[in-house]
Amino acid sequence: MSAPASPAAGENTLGYAPGYSPGRTLPLRVEIVRQFRRRRTMAMFALLLALPWVLVVAFQFGPGSNGGNSLRLSDLATAGGLNFAAFALSVSASFLLVVAVALFCGDTVASEANWSSLRYLLAAPIPRDRLLRQKLIVALGYSAAAVTVLPLMALLAGTLAFGWNDIRVPGTGEIIAASDVLPKFALVIGYALVSQLVVAAMAFLLSVSTDSPLGAVGGAVGLVIVSSILQAVEALGSFREFLPTFWNTAWLDALSPQPDYSGMIKGVSISVTYSVILIAFAFRRFRRKDVVS
Amino acid sequence: MTFPGGRRALTAVVALVLVVVGGLAWALWPSGQPVRGQDTAISVVDGPADDQHVTLDATFFPPASGGKAPAVLLAHGFGGSKQSVRDLAVRLAGRGYAVLTWSARGFGRSTGEIALNSPDYEVKDVRQLVDWLAKRPEVRLDRAGDPRVGIAGGSYGGAIALMTAAYDNRIDAIAPEITWNDLADALFPDAGGNGPMNGVFKKMWAGIFFSSGGSDLAPDGGLDAQSLAGLSGPSGAARALTPQQVQCGRFLPAICEMYQTVASTGRATPEAISLLRRSSPSSVPGGIRIPTLLIQGQRDSLFTLGQADANARQIAATGAPVEMAWINGGHDGGDSEPDWVFDRTAGWFDRWLKDGPGTTANAPGAGTGADAFTVSRDGGRDPGTRQTVLVHAAAGGYPGLSGTGKTTVTLSGPEQQVANPPGGSPASISSVPGFGDLLRSGGGLGVSIDVPGQAAAFESAPLAAPAHVTGSPTVQVKVYGTGEATLFAKLYDSSGGPVAVLPSSLVAPFRVTATEAGTPVTVTLPAIDRTFDAGHRMRVVISTTDLGFSTPATPSVYRIGLASPELTVPADPALITPSTGPAWWTWALPLAAVLAAAVIILTRRARPARSAGDRPDLADVPLVITGLGKRYSNGEKAVDDLSFRVDKGQVLGLLGPNGAGKTTTMRMLMGLILPDEGEIRIFGHPVVPGAPVLSRLGSFVEGPGFLPHLSGRSNLELYWQATGRPAEDAHLEEALEIAGLGAALERAVRTYSQGMRQRLAIAQAMLGLPDLLVLDEPTNGLDPPQIAEMRKVLKAYAERGRTVIVSSHLLGEVEQTCSHVVVMHRGRLVSEGPVEGLLGSSTPNGSGHRLEDVFLDLIGESR
């Protein structure tokens with residue numbers, strides 16, 4: 001160690017160090033790099049990218065169901081890349097993607113608190129609202145990447161394994177041209193993103209409230225589980241429409257021959273409503289929270 | 001997380017649980033007074049000569065509203081009893097009607113024999129039930145002996161409603177459901193239009209119909225119209241039966257004989273037709289002159305939509321108001337929509353019994369509502385339950401089966417040979433009577449099987465635009481060959497997929513005498529409501545067999561061709577599906593949420609404006625703390641009225657035992673926790689979370705905080721980038737020199753020792769050479785040479801006009817490093833001043849000028 005050969009402190013009449021500007025703190029690029037090199041980020045993306053190939057292998061090895069006339073989504077998975085991608089999305093949307101989104105959004109603030117790095121970021125100083133905003137944008141970005149990368153990889157894997165065929169609609173066996181379905185497929189992925197927004201917002205609120213990253217992730221996944229259980233209680237009647245997970249499978253309607261978007265619109269509405277309020281609470285809480293970690 | 005935060009989270013969870021429990025309780029709480037039925041036996045006299053005494057087992061439900069109310073007679077379906085309609089009766093009574101249910105003669109505990117709603121038997125019974133109602137004090141009367149009364153019922157019960165209305169002018173309104181107009185026509189249909197004598201015997205339905213009446217010897221045997229498909233096994237089988245009973249059950253012998261004759265031959269006889277017609281509303285044209293709501297099922301191969309259509313035409317001809325509803329289900333299963341049917345029926349009675357004119361005379365103008373004709377259509381799937389939902393398309397008037405508009409679709413196909421297999425087997429399958437949804441796949445699509453060689457198909461080109469069909473399409477075919485041919489026509493919706501859909505699983509049987517020149521016949525196909533999508537084809541198939549019908553046993557071959565390539569397709573464009581556009585909350589909720597979010601965020605601004613603005617006079621003073629106080633959540637004070645000042649160039653030691661409040665003070669200094677009272681100013685600027693002046697502060701408090709997966713260098717680089725300040729201001733290399741980590745700098749921080757992390761953290765605090773450096777226990781974990789070096793570094797740092805604050809509990813450390821010292825104990829300031837000054841002060845025990853002694857004196861503990 002040696003004393004820094006530094007210039008003497010000049011007269012600073014500003015209220016802040018030269019070059020400092022609140023609006024330039026924690027650039028998105030920096031936060032992306034900070035998160036990207038984490039093992040759990042890498043592992044999650046590796047899993048999401050590998051899953052379609054695992055499914056492809058599973059379908060190759062499984063007893064041939066090609067001859068059957070069954071028109072279930074799972075039996076039609078091998079009908080072509082688009083069918084396979086729809087199948088992969090349907091099996092992963094209810095849990096795997098929930099966990100992925102909860103991980104990216106629940107871990108983001110809580111892990112900084114856990115590492116004690118949060119206090120140095122805040123003392124840098126990064127204004128609290130800005131810290132949350134940047135972290136939320138990056139976490140949602142990673143979540144969006146997770147939700148997008150799985151069906152796209154499934155599309156690739158399915159196309160290589162089963163060919164680029166028109167989509168066969170479950171239930172009726174009708175054929176819709178691949179070129180017609182592709183834009184709808186983008187819509188489906190977009191809807192899957194929006195429907196995971198509630199999970200993201202809940203995980204984010206918990207992330208702000210606790211120092212335990214696993215607590216935040218688990219709490220958000222727990223919310224989904226409780227909501228799914230309540231959804232099965234038919235006695236609740238139309239109350240269930242307002243459960244955050246009720247419309248999560250509405251994207252199937254977009255792939256039917258007569259697409260019906262009303263369920264998806266309701267789903268977007270519910271999802272946005274919950275998310276906006278949960279995120280608002282996250283900001284409110286973090287603003288005046290005593291950071292003691 | 002803090003305790004208050006935890007409590008708030010707990011409150012939120014408790015509130016959520018309360019809301020959910022409350023909602024459940026509200027949804028499940030039993031409401032209203034239970035309606036109690038009064039069981040009674042009503043003796044009636046009937047028969048052609050009015051000499052047969054029958055005791056009807058009945059239950060009377062007084063209106064829940066009390067007082068005098070209109071009455072409703074609720075009739076059960078074939079094979080059922082008064083128990084089958086009990087729930088409906090309770091609901092109607094709850095809606096303010098006096099309701100009478102009864103087991104028809106030959107059913108349940110009632111005596112007598114089944115006479116198929118004959119005017120001589122059942123109709124006379126029901127007229128006496130009306131007499132009985134007229135004597136009840138709960139029933140509102142139009143005049144003496146004439147109660148205000150309506151009749152509702154399904155299937156067999158629907159027919160008695162129609163028949164009674166024809167024979168008793170005291171009835172004010174009826175709502176018959178899934179029933180017949182002409183029983184002969186229903187059991188011997190001929191789509192060629194030549195009447196039941198030429199009809200094809202609907203053997204399976206007829207068999208089920210008669211056997212369910214026959215086997216029902218036990219009281220309260222369990223079939224009603226809705227569940228006729230779910231045939232129960234014979235109940236009460238232990239009872240010894242006479243051959244007559246085994247054969248005819250509780251049927252009137254005349255009916256039993258008639259059935260045995262026609263079922264053996266498969267052909268109608270004039271006697272059978274006249275007997276069946278006597279039990280049919282078609283036998284009393286002009287007899288029914290009261291408001292009638294006809295509800296018929298689209299999935300009904302027993303009593304087709306055509307039967308309801310005939311009723312509608314017959315009653316409308318008298319000028320009486322008639323409304324029609326085609327519901328989804330029927331005798332073949334599907335969704336019988338009990339709730340919708342109840343609402344519609346109750347609404348009908350509300351209109352004609354409660355508010356209506358109350359007489360059988362028509363009120364001019366009354367009649368057509370906006371939904372005089374409704375059709376239940378597939379409304380897609382409910383996204384939550386994945387169940388199909390129904391929507392009700394409505395039109396202002398019922399146009400009949402030929403629709404309000406007709407289009408023609410051109411069919412093509414060569415003449416094709418079809419064979420009638422010997423014995424009529426194997427048979428094509430359209431629906432299996434009595435087994436409802438057996439052939440339906442999950443999507444509710446009828447699967448139909450045609451046997452190769454037995455069916456001729458004629459197909460249209462793919463439709464250019466969607467075609468809506470509401471009513472009975474017609475097609476003209478020619479049948480070549482010899483002898484009498486029994487044929488079945490079906491209209492498929494073919495999408496090009498593996499399975500063509502037979503709408504509602506319905507077929508149109510017809511009988512024609514084939515000639516070598518070809519006998520032309522116009523076939524009326526089953527009435528359906530369906531949209532054929534663009535790109536789909538309409539396919540007409542003529543087959544020689546159908547499982548549900550009696551076909552000739554003799555083998556034969558015919559040729560079938562199109563007499564005209566035109567398939568006439570009726571439609572009713574007036575039918576409008578109510579907009580299923582998004583509910584109001586779809587837009588309102590997100591908007592409300594955004595507003596709520598704004599309130600949530602804006603009502604808690606970063607800090608109450610307690611601190612005054614900047615103090616330019618203090619711009620040169622690195623730190624001024626005034627009256628600072630902070631309580632733990634349990635109310636104990638961590639910092640209490642702390643005030644001190646640090647001037648430029650000082651190295652200040654913050655000294656105190658564990659728990660003195662040093663770290664809490666430093667955290668407040670960094671804007672991490674908010675003081676309860678007092679203020680902190682750095683260079684004259686008040687410290688609040690995220691205050692820009694914190695950029696002039698470098699800090700290391702309570703241990704290092706690094707991203708463990710990144711190297712030491714990356715951590716510092718990314719930290720500096722996170723401050724958003726120019727890279728050249730960082731003086732990174734100088735800071736790294738202080739850390740002295742060498743090659744370890746490129747390793748992930750998680751591999752570092754405690755001392756290495758400590759040094760890296762101090763280097764991070766020095767990034768950008770802040771004007772005020774705050775270090776909490778900086779020498780922890782360092783070895784003696786490093787401690788000595790650190791001492792030099794800090795002194796050199798302060799010599800250039802910067803200021804350093806070091807907290808420590810190592811007294812020697814402070815003594816050697818610091819120029820000034822602040823001593824804290826239990827959150828309060830005990831002493832402050834230059835180190836020399838403190839050492840120079842007198843000590844009571846005179847043990848020498850050692851800071852340690854001074855310190856122990858100050859905090860009030862002596863050795």
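Just so it is clear, the structure is predicted and the values come from calculations on it, not from any experiment. Residue numbers begin at 1 in each chain, while the letters A, B, ... track the order of the sequences.
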- prompt: Between B/Arg791 and chain A, which part of the residue has a heavy atom less than 4.5 Å away: side chain, backbone, both or neither?
  reply: neither

- request: Check each atom of A/Arg29 against the heavy atoms of chain B and say whether the ones under 4.5 Å are side chain, backbone, both or neither.
  value: side chain

- prompt: Which word best sums up how the rings of B/Trp585 and A/Phe242 line up, parallel for under 30°, tilted for 30 to 60°, or perpendicular for over 60°?
  reply: tilted

Nearest-0.5 Å distance, CD1 of residue B/Ile600 to CG of residue A/Leu278: 9.0 Å

field: Among the listed options B/Ala691, B/Gly671, B/Gly535, B/Gly703, the residue most often paired with chain A at heavy-atom distances under 4.5 Å
entry: B/Gly703

- prompt: Is there a donor-acceptor pair closer than 3.5 Å between any side-chain N or O of B/Arg667 and the backbone N or O of A/Val291?
  reply: yes

message: Under a 3.5 Å distance rule, please check whether A/Arg119 uses its side chain to pair with a backbone N or O of B/Gly705 as donor and acceptor.
response: no

task: Mind checking the CG-CG spacing from A/Leu26 to B/Leu718? Nearest 0.5 Å is all I need.
output: 10.0 Å

query: So which part of A/Glu112 gets closer than 4.5 Å to some heavy atom of chain B, the side chain, the backbone, both or neither?
result: side chain

- request: Sort out for me which of B/Pro704, B/Ala761, B/Pro726, B/Gly698 touches chain A most, counting heavy-atom pairs under 4.5 Å.
  value: B/Pro704

message: Restricting to ring pair (Phe, Tyr, Trp, His ring centres under 6.0 Å), what partner residues turn up for A/Phe286, sequence neighbours left out?
response: none

- prompt: Does the B/His709 side chain pair with the main chain of A/Arg34, one donor and one acceptor, at a distance under 3.5 Å?
  reply: yes

field: Option that, when pairs with chain A are counted at under 4.5 Å, heavy atom only, ranks first among B/Leu710, B/Val701, B/Val594, B/Leu697
entry: B/Val701

statement: Note: B/Ala722 and A/Leu121 closest approach over all heavy atoms is CB-CD2, 4.1 Å

message: If I compare all heavy atoms of A/Arg284 with all of B/Thr603, which pair ends up nearest, and what's the gap?
response: NH1-OG1, 2.8 Å

message: Does any backbone or side-chain atom of B/Thr664 lie under 4.5 Å from a heavy atom of chain A? Answer side chain, backbone, both or neither.
response: neither

field: Main-chain N/O of B/Tyr719 paired with A/Tyr120 side-chain donor or acceptor, under 3.5 Å
entry: no

message: For the interface with chain A, which of B/Ala763, B/Gly684, B/Gly768, B/Ala597 has the highest count of heavy-atom pairs at distances below 4.5 Å?
response: B/Ala597

message: Does any part of the side chain of B/Lys630, heavy atoms only, come nearer than 4.5 Å to the side chain of A/Asp290, both counted from C-beta?
response: yes

message: Between B/Ala592 and chain A, with a heavy-atom cut-off of 4.5 Å, which part of the residue counts as in contact: side chain, backbone, both or neither?
response: neither

message: Counting only non-hydrogen atoms closer than 4.5 Å, does B/Pro770 touch chain A with its backbone (N, CA, C, O), its side chain (CB onward), both, or neither?
response: neither

query: salt bridge (Lys or Arg N to Asp or Glu O under 4.0 Å) with B/Glu717: which residues, sequence neighbours excluded?
result: none

- request: Tell me, out of A/Ala280, A/Pro125, A/Ser116, who's got the most heavy-atom pairs with chain B below 4.5 Å.
  value: A/Pro125

- prompt: Do you know which of B/Ser699, B/Ala596, B/Ala598 has the most heavy-atom pairs under 4.5 Å to chain A?
  reply: B/Ser699

- prompt: Are the side chains of B/Pro689 and A/Leu122 in touch, meaning some heavy atoms are under 4.5 Å apart?
  reply: no

query: Just how far is it from atom OH of A/Tyr20 to atom CG of B/Leu694, taken to the nearest 0.5 Å?
result: 7.5 Å

task: Look at B/Ala765, B/Gly690, B/Gly724, B/Pro692 and state which one has the largest set of heavy-atom pairs under 4.5 Å with chain A.
output: B/Pro692

- prompt: What heavy-atom pair brings A/Ala123 and B/Met670 nearest, and what distance separates the two atoms?
  reply: CB-CE, 3.5 Å

query: For the residue pair A/Ala17 and B/Arg696, what are the closest heavy atoms and their distance?
result: N-CG, 3.4 Å

- request: Work out which heavy atom in A/Val276 is nearest to a heavy atom in B/Ala593; give both atom names and the distance.
  value: CG1-O, 3.5 Å

Taking every non-hydrogen atom, the tightest pair across A/Arg37 and B/Ser714: NH1-OG, 3.4 Å

field: Check: A/Tyr16 main-chain N/O paired with B/Ser695 side-chain donor or acceptor under 3.5 Å
entry: no

statement: One should read off an interatomic distance between A/Ser271 OG and B/Leu589 CG, to the nearest 0.5 angstrom, of 12.0 Å

message: Return the CZ to OG1 distance between A/Arg24 and B/Thr723, rounded to the nearest 0.5 Å.
response: 9.5 Å

